[in-house]
Amino acid sequence: MSESSKDAFFVQQVEHWYQYHQRPLPWRQKPTPYTIWLAEIIFQQTRIEQGLSYYLRFIKKYPELPILAKAEEDEILRMWQGLGYYSRALNLLKTAKILTERGGDFPHEVQELMSLPGIGPYTAGAIASIAFGQRVPLVDGNVTRLFARFFGIESPVNHPNTIKIIHSKAEGLVNLSDAPSNYNQGLMEMGSLLCKPVKPSCNECPLSQECSAHHNNKVAILPLKSPKPQKSNRYLYYVFIEKDGKIAVHKRDNQDIWKNLYQLPLLLDTSSIYEKTEFELRHRNLEKMSTIRHILTHQILHLTIYRAEKFFDQNKKKEIRYVETSLLGELAFPVPFQKFFEKILT
DNA sequence: CTCCTGATAG
DNA sequence: CTATCAGGAG
């Protein structure tokens, strides 16, 4: 098959497959710029099963953009609690406020969409394509994987040059479609449901007869990725202080992990093994309530929570807030703290 | 390069 | 139980 007829075959098969196999996801019933945007932000770096209940709670509480724009940041973070990548929640609120101030409409153009907080090339393309029907390419992780296999792209897919190759391929293909929005969604849906990372369903895939990886027995090794950076250790020491049924907590800043979430009063945050050892020696008389290992993408967190009567760091004392135990659920905490509270306050 | 978490494989 | 994997923006 010639390259151009192979491309036409590809587009036609994707569109046809999507027509019969798409999942009935909530934002597909009646797609609006707002629902598509909200869904795309929630599902960045997040699998459908993991984020679906969050999407449903958001759309119920904030059915329209101006309602979301009026929400408090702490409330949004509480709604986002447990989803991870908390800057997404902060940017969601920022963009809602910006757009509402400008009159409440989403821009139609990719470039303008990309100037909004939290909207990068993929999300801008998704809104332009799905909500406004524009003929723009859409490349997410699913599409990258499917392309790498179907077209036999053997350079690492996280390299800038490979990304460029995939984007230009995506652009060429979307131009062959007569329903760009459905074609784009079909592509991602096929990547997600058939061309899965492990054990892809090639036998059910209408593309397999022309798929490079399928023919060359390379499905299991494509796409290629360059190795991940190694994780560093980080040691965090907290105190659990309970006074008159209230717990001492304070808010993190937005310069680091767990942006603007709450945590227990922090005594030490270090990556130095010497500092860690010295600190533990100095505090060996304190009761260790809990030690937790929590793994992030680039670091392994070692949390130690001591029981204490009062907070002894006078410099940070003013940042501490005492919260009723029953009201802890109103504040957003990182997952390790949620688990700690569950254990302690049953 | 940095941000998070849950699912699943070993 | 530990390790690996998946998923875009700044």
Side-chain angles (χ1 to χ4, degrees), chain A residues 36-55 77 79-95 110-111 113-127 129 137-146 148 156-160 162-163 166-167 170 184 187-189 191-200 220-234 236 252-261 263 271 292-303 332-340:
Chain A
I36 295 299
W37 166 68
L38 180 61
E40 294 301 342
I41 300 296
I42 288 177
F43 295 106
Q44 280 169 15
Q45 309 298 95
T46 303
R47 292 184 312 282
I48 299 289
E49 317 83 71
Q50 197 187 339
L52 193 54
S53 67
Y54 287 83
Y55 175 82
L77 286 171
M79 295 278 288
W80 203 269
Q81 170 175 264
L83 251 191
Y85 291 119
Y86 297 98
S87 58
R88 290 185 293 170
L90 305 181
N91 285 332
L92 188 81
L93 185 57
K94 277 191 205 162
T95 289
V110 168
Q111 285 309 319
L113 285 161
M114 275 181 46
S115 69
L116 293 162
I119 300 185
Y122 167 73
T123 305
I127 297 169
S129 167
L138 206 44
V139 179
D140 72 348
N142 293 309
V143 175
T144 301
R145 184 172 57 251
L146 196 150
V157 293
N158 47 354
H159 276 34
T162 316
I163 293 170
I166 291 175
H167 272 85
N184 278 331
L187 205 48
M188 297 189 290
E189 195 83 330
S192 165
L193 299 180
L194 297 179
C195 202
K196 295 171 287 187
V198 293
K199 292 192 229 162
I221 63 158
L222 293 179
L224 255 48
K225 284 175 199 166
S226 37
K228 293 168 194 217
Q230 71 161 68
K231 297 182 199 308
S232 56
N233 286 304
R234 179 167 170 185
L236 299 140
R252 294 184 63 84
D253 63 33
N254 65 357
Q255 307 297 309
D256 190 12
I257 60 169
W258 296 331
K259 290 182 181 23
N260 291 6
L261 269 66
Q263 63 182 3
S271 296
I292 306 162
R293 210 170 61 118
H294 188 75
I295 302 171
L296 306 180
T297 308
H298 297 90
Q299 45 192 341
I300 302 172
L301 307 180
H302 304 265
L303 319 210
F333 286 89
V335 162
F337 286 101
Q338 290 174 51
K339 290 182 178 162
F340 170 76

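The chains referred to below are lettered A, B, ... by the order of the sequence lines, with proteins before strands, and numbering in each begins at 1. Keep in mind that what you see is a predicted model, and the values were worked out from it rather than measured.
In this structure, A:K231 places its NZ atom 14 Å from P of C:dT2, rounding to the nearest Å. When the P atom of C:dA6 is taken as reference, atom CG of A:L224 falls 12 Å away, rounded to whole Å. To the nearest angstrom, C1' of C:dG7 lies 19 Å from OH of A:Y55. If you measure from atom CD of A:Q299 to atom C1' of B:dC3, you get 9 Å, rounded to the nearest angstrom. Separating the NE2 atom of A:H159 from the P atom of B:dC1 is a distance of 10 Å, rounded to the nearest angstrom. One interatomic measurement links the two molecules: CG of A:D253 to P of B:dC3, which rounds to 12 Å at whole-angstrom precision. Spacing between atom CD1 of A:I41 and atom C1' of C:dG10 amounts to 13 Å, rounded to whole angstrom units. Per the geometry, CD1 belonging to A:I300 stands 11 Å off P belonging to C:dT2, to the nearest Å.
Between A:R234 and A:D256 there is a salt bridge, since at least one side-chain N of the basic residue sits less than 4.0 Å from a carboxylate O of the acidic one.
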Subject >> Letter per nucleotide, 5' to 3', of nucleotides 4-10 of chain B [B base touched, S only sugar-phosphate touched, - untouched; heavy atoms, 4.0 Å] >> reply: BBBS---
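Aromatic ring pairs are classed by plane angle as parallel below 30°, tilted from 30° to 60° and perpendicular above 60°; the pair A:F43 and A:Y55 is tilted.
Atom CG in A:L236 sits 10.5 Å away from atom NE2 in A:H294 (nearest 0.5 Å). Here OG1 of A:T144 is found 10.0 Å from CG of A:N158. Values are rounded to the nearest 0.5 Å.
No side-chain N or O of A:S192 forms a donor-acceptor pair with one of A:N142 less than 3.5 Å apart. A donor atom on one side chain and an acceptor atom on the other are not found under 3.5 Å apart for A:Q44 and A:Y122.
Projected onto DNA chain C by closest heavy-atom contact, A:R293 and A:V139 fall at different nucleotides, the more 5' of which corresponds to A:R293.
Note on A:K196: nothing from the nucleic acid sits closer than 4.0 angstrom, heavy atoms only.
Remark: A:N91 is not in phosphate contact with C:dA9, judged by side-chain N or O atoms under 4.0 Å from OP1 or OP2. Contact between the side-chain N/O atoms of A:R145 and the OP1/OP2 oxygens of C:dA6 is not found at any separation under 4.0 Å.
Taking A:Y54 as the reference, nothing meets the ring pair (Phe, Tyr, Trp, His ring centres under 6.0 Å) condition, with sequence neighbours excluded.
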